[in-house]
Amino acid sequence: MRPPNGLAMWPADALAFFLGFLRDPVGVGSVIPSSRYLERRIVDAVGAASARVIVELGPGTGGTTRALLDAMPADARLVCIEIDPKFADHVARLGDPRLIVRCCSAEHIGDVLAEHNLPAPDTVVSGIPFSTMPADVGQLIARRVHDVLPPGGSFVAYQFKSAVAGFAAPVFGNHDLSVYEWRNIPPMRLWRWRRS
Ligand SMILES: C[S@@+](CC[C@H](N)C(=O)[O-])C[C@H]1O[C@@H](n2cnc3c(N)ncnc32)[C@H](O)[C@@H]1O
């Protein structure tokens, strides 16, 4: 369910997110969840309305997850991979039958899909902070995301800093979308790459 008109996000989500930031500022990378404007850009960029399987890396308290679920077909699947156990529990409480939540790091994306016997995802969408992770981890995640995608499948990342492009471009080549969303704290840039 979306927050009532006039509220940018559920207050309980905003509080849980801020507490998560206090637990791990570097790993969470932001003090509040994504705005509705950024959620809309994400939903459009991933083509959620026609997706069969989407993987979301770093759902946090699940605002972006809800927006994706609202747009996805009734028989689609959304796999969320979240490293913070409290956030993973929070997202799992959305209780949507299309949703699979796994608490682990994004580099295990291939194992998670295999364990759930899921086909290659149409898209992998990521809000994880590439700018603060060790370079070898960022490179590994970009490579593994690439390897689980089918030809034409997309990797969509939204970030304040551009480190993610430094990891994704050597693996995917040129992006086919780059757009700023200023109505977010902090302002975010969203990129999309496709597996050739
Ligand atoms: C900026 S928050 C984005 C939250 C939410 N998607 C949003 O837009 O409001 C980044 C999230 O990525 C998670 N995260 C960080 N590193 C991760 C990793 N290696 N694997 C999975 N999740 C990770 C953090 O715990 C946090 O929930």
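These figures come from a predicted structure and were not determined experimentally. All ligand and atom numbering here is 1-based and tracks the order in the structure.
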Discussion item. Hydrophobic clusters here meaning ILVMFWY residues chained together by side-chain heavy-atom distances under 4.5 Å, can you tell me if L99 and V125 are in one?
Written reply: yes
Worksheet, complete the sentence: salt bridge (Lys or Arg N to Asp or Glu O under 4.0 Å) filter on R102, not counting sequence neighbours, yields E115
Does the pair [X]/[Y] count as a salt bridge with the N-to-O cut at 4.0 Å?
X    : Y    : result
R98  : D96  : yes
D147 : R143 : yes
R40  : D44  : yes

Worksheet item: Mind checking what residues have non-hydrogen atoms under 4.0 angstrom from ligand 1?
Response: F17, G27, V28, S30, P33, S34, E56, G58, P59, G60, T64, I81, E82, I83, D84, F87, C104, S105, A106, G127, I128, P129, Y158
Practice prompt. Give a yes/no verdict on a cation-pi contact between R23 and F87, requiring under 6.0 Å between NZ or CZ and the six-membered ring centre and an angle within 45° of the axis.
Written response: yes
